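These values consider heavy atoms only, across backbone and side chains, with no hydrogens, waters or symmetry-generated copies. Per chain, numbering begins at 1; letters A, B, ... match sequence-line order. This one's a predicted model, so the numbers in the text were calculated from it and none came from an experiment.
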Protein chains: 2
Amino acid sequence: MEQLKNYFNKLVKLTDQEWADFQACLIKETHAKKAYLLEEGQKCDFIAFIEAGTFRFYHILDGEEIVTAFFFPGDFVTNYRSFLTDNPSDHHIQALQDAIIYKIHKKDLHALYDRYQSIERLGRLIAENLYLTITKRLDSFQHTSPEERYQELINRNSKLLQEVPQYMVASYIGVKPETLSRIRARK
Amino acid sequence: MEQLKNYFNKLVKLTDQEWADFQACLIKETHAKKAYLLEEGQKCDFIAFIEAGTFRFYHILDGEEIVTAFFFPGDFVTNYRSFLTDNPSDHHIQALQDAIIYKIHKKDLHALYDRYQSIERLGRLIAENLYLTITKRLDSFQHTSPEERYQELINRNSKLLQEVPQYMVASYIGVKPETLSRIRARK
DNA sequence: CTTTTTCATTGACCAAAGTCAATAAATCAT
DNA sequence: ATGATTTATTGACTTTGGTCAATGAAAAAG
């Protein structure tokens with residue numbers, strides 16, 4: 001919770017009142033390993049801040065799991081597309097370890113947007129940050145080889161492979177498990 | 001200009017005063033074919049609304065032009081990453097035909113954010129929309145073959161190939177010109 | 001209109017990732 | 001612990017896009 005307050009303070013200074021009202025909307029939840037935070041077909045009506053645990057964001061295409069994102073402590077976890085458009089989610093969000101999150105529902109967040117310009121701004125800054133995040137990922141798909149993407153990923157999160165099965169990492173960097181195995185072998 | 005007002009009205013209702021203040025910040029510019037709206041190394045301190053003309057967003061990597069985006073009438077054209085972070089642009093933005101745009105500078109937009117909550121909200125909605133746009137493009141790189149990306153693109157904009165050279169389209173969908181030529185041949 | 005330059009096509013060959021299949025290693029459940 | 005299941009590795013072969021090079025077509029410049 002302190003972590004979240006610090007994160008927000010880097011973006012916008014909230015008054016005690018604003019923070020209190022925001023905090024009043026947060027719902028603490030725990031999710032066991034393998035539990036689903038969101039399933040395909042459901043509307044994603046929340047954004048959650050991760051206090052502990054890792055999540056994967058994936059869907060099934062032609063019988064095959066495709067991992068689009070991992071979420072770690074300190075990240076926001078949501079299907080932001082579904083959250084924004086109210087369309088049903090095309091992805092599952094699953095805990096890969098026991099997890100603790102703080103959820104805020106869309107209707108509550110929108111009420112806060114209406115009430116406080118500072119929180120409206122926070123919403124803008126969060127959207128802008130998510131834009132920057134996804135831009136980086138698109139860049140890496142456009143400009144780098146699977147091998148480079150693998151290197152980038154483990155540089156950024158060296159303990160990822162201790163936390164998630166290798167075939168999920170393979171999918172995340174856009175190759176088959178066999179190929180990641182070979183990438184790792186030639187080093 | 002009417003086009004822009006209509007676009008905004010779909011997102012947020014602006015009062016006459018708000019719209020007038022916004023409009024006062026807009027700078028109309030014309031750019032001849034092949035002119036640069038932004039060059040690599042410059043900070044992108046603006047967002048522009050396209051009234052007429054097409055732009056490409058590209059950079060040079062290992063001596064080769066890589067096209068990351070096209071912008072059409074009705075779109076916003078900017079290096080949004082540079083705009084948000086104040087980092088120098090890693091891309092050029094070039095007019096592919098004679099073009100007319102309405103530019104707003106970052107400092108003016110931020111002043112409007114401070115003054116009007118409705119425009120702050122507009123900024124959030126624009127960021128959210130750009131997020132959705134780029135997410136779609138990432139999806140298409142993750143899930144579809146170059147052939148499918150080509151089909152998607154010409155379905156969306158059937159006259160694109162009359163407007164831009166084929167090698168730019170090839171780069172945009174992530175293949176070499178020779179490969180796009182072969183994709184087109186096998187149909 | 002003719003020359004030059006740019007752009008598109010085609011062919012032969014190469015490199016990288018995918019596919020299919022077998023096996024080994026690790027993890028999970030009882 | 002042990003047997004079952006899931007995950008990772010390795011090999012042989014295929015597919016797809018990249019590379020290099022030649023040729024043809026179209027567009028721009030004079």
> Salt-bridged, A/R81 to A/D86, with N to O below 4.0 Å?
Replying inline: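 Result for this pair is no, no salt bridge flagged.
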Integer-rounded Å distance: [N] [atom2] and [X] [atom1]:
X	N	atom1	atom2	result
B/Y167	C/dT10	OH	C1'	20 Å
A/K33	C/dT27	NZ	P	10 Å
B/R182	D/dC20	CZ	C1'	11 Å
A/E163	C/dT27	CD	P	14 Å
A/Q142	D/dG17	CD	P	16 Å
A/L180	D/dT7	CG	P	14 Å
B/K176	C/dT9	NZ	P	17 Å
A/Q97	C/dT27	CD	C1'	15 Å

>> Aromatic contact between A/F49 and A/F76, with the criterion being ring centroids under 6.0 Å apart: yes or no?
In response: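 Yes - the distance between ring centres of A/F49 and A/F76 falls below the 6.0 Å cut-off.
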At less than 4.0 Å, is any side-chain N or O atom of [X] found next to OP1 or OP2 of [N]? Yes or no.
X	N	result
A/T179	C/dA17	no
A/Q166	C/dA26	no
A/R186	C/dA17	yes

>> Base, sugar-phosphate or nothing for B/P177? Non-hydrogen atoms, less than 4.0 Å.
In response: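 Contact class for B/P177: none.
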> When the nearest nucleotide of DNA chain C is assigned to A/E178 and to A/S145 on a heavy-atom basis, which residue is associated with the more 5' position?
Replying inline: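 So the residue in question is A/S145.
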> Side chains of B/H59 and B/T68: is there a donor and an acceptor less than 3.5 Å apart?
Replying inline: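 No, B/T68 and B/H59 have no side-chain donor paired with an acceptor closer than 3.5 Å.
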>> If you define the side chain from C-beta out and look only at heavy atoms, does anything of A/M1 sit under 4.5 Å from A/L26?
In response: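 The answer is yes, as the side chains (C-beta and beyond) meet within the 4.5 Å cut-off.
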